[in-house]
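Since the structure is predicted, the reported quantities are computational estimates derived from the model, not experimental observations.
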Amino acid sequence: MLFAELVRLDDPEPHSAALNMAIDEALLRSVEQPLLRCYRWERPAVSFGYFGKVRDVEAAWPGRDLVRRWTGGGTVPHGEDFTYSLIIPRTAEFCRHGTAESYRAIHEVIAGVLDAPGLALADSAAGRISDACFQNPVRHDLLAGASKIAGAAQRRTRGGLLHQGSIRLGSLPSGFPTVLAEAMAEKVEAVVLPEDAIHLAERLVAAKYGSDEWFRRA
């Protein structure tokens with residue numbers, strides 16, 4: 001188990017790409033105990049890492065709902081994947097783990113829940129092919145044979161750890177968000193997305209994630 005207690009946040013309403021990223025930041029600002037958020041996209045989208053090149057993303061994904069993440073990593077298409085975020089307060093024991101160890105621990109839990117043949121964590125990074133996240137496995141990504149099926153990116157702040165992950169598998173176990181949460185913690189509490197987090201996220205969309213300054217920062 002990764003945590004003694006975990007909040008599983010129910011967020012079934014699909015959101016725009018900018019609002020999805022803003023909700024994660026809003027939750028990180030006020031997180032008090034480890035929180036798992038599983039979420040959806042209102043239309044096909046692409047998120048790209050904090051240091052990504054917007055011109056390359058626009059050229060590769062015309063017509064998609066594009067957003068620059070607060071976390072690093074490569075380009076990830078969304079709409080058919082399963083997306084989740086783990087948001088963990090700085091005071092949690094888990095935050096004592098470094099990036100590699102926390103990444104490994106989370107993906108080990110996911111592998112155990114999926115329980116599919118041929119799953120393994122990558123021992124090392126593969127040679128870089130492109131900016132596409134799922135074409136470039138890094139250490140501790142989850143593989144099915146030679147194919148990457150789960151990756152993530154992280155950001156640490158004074159408030160805690162934001163881990164944003166994507167899983168690409170044909171079918172997931174029934175009730176996967178609940179099963180995943182229960183595999184991560186001894187005690188799970190289900191809550192709905194707080195209104196104050198939504199309001200803060202909407203302000204973050206206007207000031208940051210939906211702004212041209214943020215989108216074209218590099």
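- Considering only heavy atoms from C-beta on, Asp81 stays 4.5 Å or farther from Phe134 through its side chain.
- Heavy atoms only, all atoms of each residue included: Val205 and Ala22 are closest at CG2-CB, 3.7 Å.
- For the pair Trp214 and Ser211, the tightest heavy-atom approach, listed with the atom from each and the gap, is N-OG, 3.2 Å.
- Applying the side-chain hydrogen bond (donor to acceptor under 3.5 Å, both in side chains) test to pairs two or more places apart or on separate chains, those with a residue in residues 44-54 are Ser47-Arg69, Ser47-His78, Tyr50-Arg217.
- For Leu172, the side-chain contact (heavy atoms from CB on, under 4.5 Å) test picks out Phe82, Leu114, Ile167, Leu169, Phe176, with sequence neighbours left out.
- Between Pro77 and Arg64, the shortest heavy-atom distance links the atoms CB-NH1, 4.1 Å.
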Exercise for the section: Might you work through the side-chain contact (heavy atoms from CB on, under 4.5 Å) test for Thr99 and Arg156, ending with a clear yes or no? Expected result: CA-CA 9 Å; Thr99 299; Arg156 292 176 187 255; 4.0 Å; yes

Exercise for the section: Using the side-chain contact (heavy atoms from CB on, under 4.5 Å) rule, take Leu193 and Leu27 through it: C-alpha gap first, then chi angles, then the decisive distance, then the call. Expected result: CA-CA 9 Å; Leu193 185 62; Leu27 293 169; 4.3 Å; yes

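- In this structure, a donor-acceptor pair under 3.5 Å is present between the side chains of Trp41 and Thr83.
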Problem - Residues Glu93, Arg96; criterion salt bridge (charged side-chain N to carboxylate O under 4.0 Å, His left out); working and verdict - result: CA-CA 6 Å; Glu93 183 75 17; Arg96 295 187 179 184; 3.5 Å; yes

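- Residue Glu80 holds its CD atom at 8.0 Å from CZ of Arg168, rounded to the nearest 0.5 Å.
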Handout entry: Arg155 and Glu25: CA distance, side-chain angles, deciding distance, salt bridge (charged side-chain N to carboxylate O under 4.0 Å, His left out) verdict
Key = CA-CA 10 Å; Arg155 185 179 185 95; Glu25 182 173 345; over 6 Å; no

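- Contact check for Tyr103 versus His97: no side-chain heavy atoms found under the 4.5 Å cut-off.
- Between the side chain of Lys148 and the main chain of Ala122, no donor-acceptor pair closer than 3.5 Å is present.
- Counting only heavy atoms from C-beta outward, the side chains of Glu32 and Pro89 never approach each other to under 4.5 Å.
- Remark: Arg104 engages Glu101 in a salt bridge, criterion side-chain N to carboxylate O under 4.0 Å.
- When hydrophobic clusters are built by joining Ile, Leu, Val, Met, Phe, Trp and Tyr residues whose side-chain heavy atoms come closer than 4.5 Å, directly or via intermediates, Leu28 is grouped together with Ile23.
- Under the 4.5 Å side-chain heavy-atom criterion for ILVMFWY residues, a single connected hydrophobic cluster contains both Met21 and Leu9.
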Problem - Stepwise side-chain contact (heavy atoms from CB on, under 4.5 Å) test for Leu6 and Leu86 - result: CA-CA 10 Å; Leu6 176 72; Leu86 269 171; 4.3 Å; yes

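- Side-chain contact between Leu36 and Pro177: absent, with no pair of heavy atoms (C-beta onward) separated by less than 4.5 Å.
- When all heavy atoms of Arg40 and Pro12 are compared, the closest pair comes out as NH1-O, 3.1 Å.
- Annotation: side chain of Leu119 is in contact with side chain of Ile149 (closest heavy-atom distance under 4.5 Å).
- Leu19 and Phe215 fall into different hydrophobic clusters, defined by Ile, Leu, Val, Met, Phe, Trp and Tyr side-chain heavy atoms under 4.5 Å apart, directly or through other members.
- The minimum heavy-atom distance between Ala17 and Val67, with the atom names listed, is CB-CG1, 3.6 Å.
- Taking CZ of Phe94 as the reference point, atom CG of Leu161 lies at 7.0 Å (rounded to 0.5 Å).
- There is no path of hydrophobic side-chain contacts, each under 4.5 Å, that joins Leu162 to Val109.
- Between atom CG of residue Asp24 and atom CD1 of residue Ile87 there is a gap of 4.5 Å, rounded to the nearest 0.5 Å.
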Practice task
Just do the side-chain contact (heavy atoms from CB on, under 4.5 Å) check on Thr157 and Arg29 with the steps written out, would you?
Solution key: CA-CA 9 Å; Thr157 71; Arg29 290 190 180 191; over 6 Å; no

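- Rounded to the nearest 0.5 angstrom, Met1 CE and Lys187 NZ are separated by 14.0 Å.
- Cluster membership check: Val7 shares its hydrophobic cluster with Ile198, using side-chain heavy-atom separations under 4.5 Å among Ile, Leu, Val, Met, Phe, Trp and Tyr.
- Counting heavy atoms from C-beta on, the side chains of His163 and Ser102 never come closer than 4.5 Å.
- Closest approach of Ser85 and Tyr39 over heavy atoms only: OG-CE2, 3.4 Å.
- Side-chain contact between Leu142 and Leu121: present, with at least one pair of heavy atoms (C-beta onward) separated by less than 4.5 Å.
- Two residues are said to be in side-chain contact when any heavy atoms from C-beta on lie closer than 4.5 Å; Arg216 and Glu58 meet this criterion.
- For the atom pair His140 NE2 and His107 NE2, the distance stands at 10.5 Å (nearest 0.5 Å).
- For the atom pair Phe48 CZ and Leu66 CG, the distance stands at 6.5 Å (nearest 0.5 Å).
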